[in-house]
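The analysis underlying the following values was restricted to heavy atoms, covering all of them including side chains, and did not include hydrogens, waters or symmetry mates.
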Amino acid sequence: MSSIRVEDGYFTLFNIFHTDGPEAQKLLFDQWRSLPPAHTQPGLVSGNFHRGFDGASVVNYAQWESRAAYDAFMSEQATRGRLGSALAVSRLDSIACEVVHTWDPAPSISLDQPWYTVVVVVKSAPEDQAEVLKEMTFDPPELADTPGYVSHAVHRGLSGEHVVKYAQWRDEESFRAFVSRPQEPSPLDELSVEVELYFSEIEYIRERS
């Protein structure tokens with residue numbers, strides 16, 4: 001089981017693989033399941049691989065002890081070869097982040113609890129990132145009483161262009177009921193932002209133990 005906590009200070013990546021369908025998703029998961037154990041990779045904490053329900057994405061929520069450990073991994077010839085194979089069946093968006101806020105209790109990622117997972121990627125101009133963060137780290141009091149809500153974590157993109165929320169729900173129906181309620185105007189409506197949502201479920205976890 002992986003946990004998401006501010007105090008861990010991990011270098012975190014949302015690696016979003018865009019695929020053409022379930023067969024490409026399967027090829028990616030087959031490749032990742034064939035990797036050596038996580039404890040053999042210096043600095044790797046966990047890779048948490050989520051299958052997109054629409055067949056068009058796989059999201060890897062990856063945690064590393066440091067940016068240096070990740071850079072060393074990416075410089076390895078074997079890594080470059082595996083990445084080339086993955087990119088033969090997908091397109092990759094990689095967002096480097098740090099965790100800046102979590103719900104209480106903070107999220108945990110477990111195969112025993114395959115929550116309906118919603119990843120919200122907000123892209124903005126760097127000068128607007130602080131305003132986006134302020135809005136996305138505000139937890140309305142009624143959220144605690146929302147049926148089906150589990151937890152969330154908010155991440156600041158290190159490039160200055162992204163804020164990413166990782167949210168967990170018990171099921172899709174609970175999420176859809178929540179977003180269909182009347183919503184108050186958001187300060188984000190006044191900013192020039194791009195928003196992408198990815199709906200998925202955890203399928204494979206690679207972590208050191």
Atom of Ala69, atom of Pro42 and distance for their closest heavy-atom approach: CB-O, 4.0 Å

May I ask you to say whether Glu172 pairs ionically with Arg176, meaning some side-chain N is under 4.0 Å from a carboxylate O? yes

Compare every heavy atom of Val122 with every heavy atom of Met136, then report the nearest pair and how far apart it is. SD-CG2, 3.6 Å

Glu203 and Arg33 ion-paired at < 4.0 Å: yes

Heavy atoms, side chains only, cut-off 4.5 Å: are Leu28 and Thr19 in contact? yes

Before you tell me yes or no, could you show the steps for Gln63 and Thr12 under side chain to side chain donor-acceptor pair (under 3.5 Å), namely the whole-Å CA-CA distance, both residues' side-chain angles and the distance that decides it to 0.1 Å? CA-CA 5 Å; Gln63 298 172 313; Thr12 301; 5.2 Å; no

Let me check something: do Tyr198 and Val195 share a hydrophobic cluster, defined by ILVMFWY side-chain heavy atoms less than 4.5 Å apart, either directly or through other members? no

Can any side-chain N or O of Asn15 pair as donor or acceptor with the backbone N or O of Ser94 at less than 3.5 Å? no

Nearest 0.5 Å, what's the CG-CG distance between Leu13 and Leu158? 8.5 Å

Kindly work out whether a path of hydrophobic side-chain contacts (I/L/V/M/F/W/Y, heavy atoms less than 4.5 Å apart) joins Ile95 to Val6. yes

Donor-acceptor pair, side chain of Ser108 and main chain of Ser2, under 3.5 angstrom: no

Are Tyr149 and Leu197 grouped together when hydrophobic residues (ILVMFWY) are joined by side-chain heavy atoms under 4.5 angstrom apart? yes

Heavy-atom donor-acceptor pair, Gln129 side chain to Gly157 backbone, under 3.5 Å: yes

Nearest-0.5 Å distance, OH of residue Tyr10 to OG of residue Ser66: 11.5 Å

Salt bridge (charged side-chain N to carboxylate O under 4.0 Å, His left out) partners of Lys134, counting only residues at least two apart: none

Nearest non-hydrogen partners of Gln31 and Arg82, listed with the distance: NE2-O, 3.0 Å

When rounded to the nearest 0.5 angstrom, what is the spacing between OG in Ser151 and CG in Asp104? 8.0 Å

Could you tell me whether a side-chain N or O of His50 sits under 3.5 Å from a main-chain N or O of Asn48, the two making a donor and an acceptor? yes

To the nearest 0.5 Å, what is the distance between CG (Leu44) and OG (Ser46)? 7.0 Å

Angle class for the Phe49/Phe29 ring planes (parallel below 30°, perpendicular above 60°, tilted otherwise)? perpendicular

Of all heavy-atom pairs between Leu111 and Tyr204, which one has the smallest distance, and what is that distance? CD2-N, 3.9 Å

Looking only at heavy atoms, what is the nearest atom pair of Arg206 and Pro36, with distance? NH2-O, 2.7 Å

State the CD-CD distance between Glu135 and Glu131, to the nearest 0.5 angstrom. 7.5 Å

Short question: side chain of Ser174, backbone of Arg170 - any donor-acceptor pair under 3.5 Å? no

Quick check on Gln77: does its CD atom have over 12 non-hydrogen neighbours (other residues, nucleotides or ligands) under 6.0 Å away? no

How long is the span from the CE atom in Met74 to the CZ atom in Arg67, to the nearest 0.5 Å? 9.5 Å

When the ring planes of Tyr116 and Phe175 are compared, do they come out parallel, tilted or perpendicular, using 30° and 60° as the limits? tilted

Short side-chain to backbone donor-acceptor contact, Arg156 and Leu133, under 3.5 Å: no

Would you call Leu191 and Val132 a side-chain contact if the rule is heavy atoms closer than 4.5 Å? yes

Would you say that His162 contacts Glu194 through its side chain, given a criterion of any heavy-atom pair below 4.5 Å between the two side chains? no

Give me the other members of the hydrophobic cluster that Val150 sits in, counting Ile, Leu, Val, Met, Phe, Trp and Tyr linked by side-chain heavy atoms under 4.5 Å, directly or via other members. Trp115

Are any of the side-chain heavy atoms of Leu92 and Leu87 separated by less than 4.5 Å? yes

Name the orientation class of the two ring planes belonging to Tyr61 and Tyr166 (parallel below 30°, tilted from 30 to 60°, perpendicular beyond 60°). tilted

Do His155 side-chain atoms and Glu98 backbone N/O form a donor-acceptor pair below 3.5 Å? no

Check whether any side-chain N or O of Glu65 sits under 3.5 Å from a backbone N or O of Val45 as a donor-acceptor pair, and report yes or no. no

Begin from the C-alpha positions of Ile4 and Ile109 and carry the test side-chain contact (heavy atoms from CB on, under 4.5 Å) through to its verdict. CA-CA 8 Å; Ile4 303 176; Ile109 307 174; 4.0 Å; yes

Hey, what's the ring geometry for His152 with His101, parallel, tilted or perpendicular (30° and 60° as the breaks)? tilted

If hydrophobic clusters are built from ILVMFWY residues whose side chains come within less than 4.5 Å, do Val100 and Val120 share one? yes

Measure from the ring center of Phe17 to the ring center of Trp32 and say whether it is less than 6.0 Å. yes

Does Asp8, at its CG atom, have more than 12 non-hydrogen atoms belonging to other residues, nucleotides or ligands within less than 6.0 Å? yes

Group every Ile, Leu, Val, Met, Phe, Trp and Tyr by side-chain heavy-atom contacts under 4.5 Å, then state whether Val59 and Val121 land in the same group. yes

Do Glu161 and Pro126 have side-chain heavy atoms sitting under 4.5 Å apart? yes

Minimum-distance pair of heavy atoms, taken over all atoms of Arg5 and Thr102: CA-CG2, 4.5 Å

Given 3.5 Å as the limit, does a donor-acceptor pair link the side chain of Asp54 with the main chain of Ala56, or not? yes

Taking atom NZ of Lys165 as the centre, report whether more than 12 heavy atoms of other residues, nucleotides or ligands fall under 6.0 Å from it. yes

Ser90 (side chain) donor-acceptor with Ala86 (main chain) under 3.5 angstrom: yes

Please verify the inter-ring angle class for Trp64 with Tyr70; under 30° counts as parallel, over 60° as perpendicular, anything in between as tilted. perpendicular

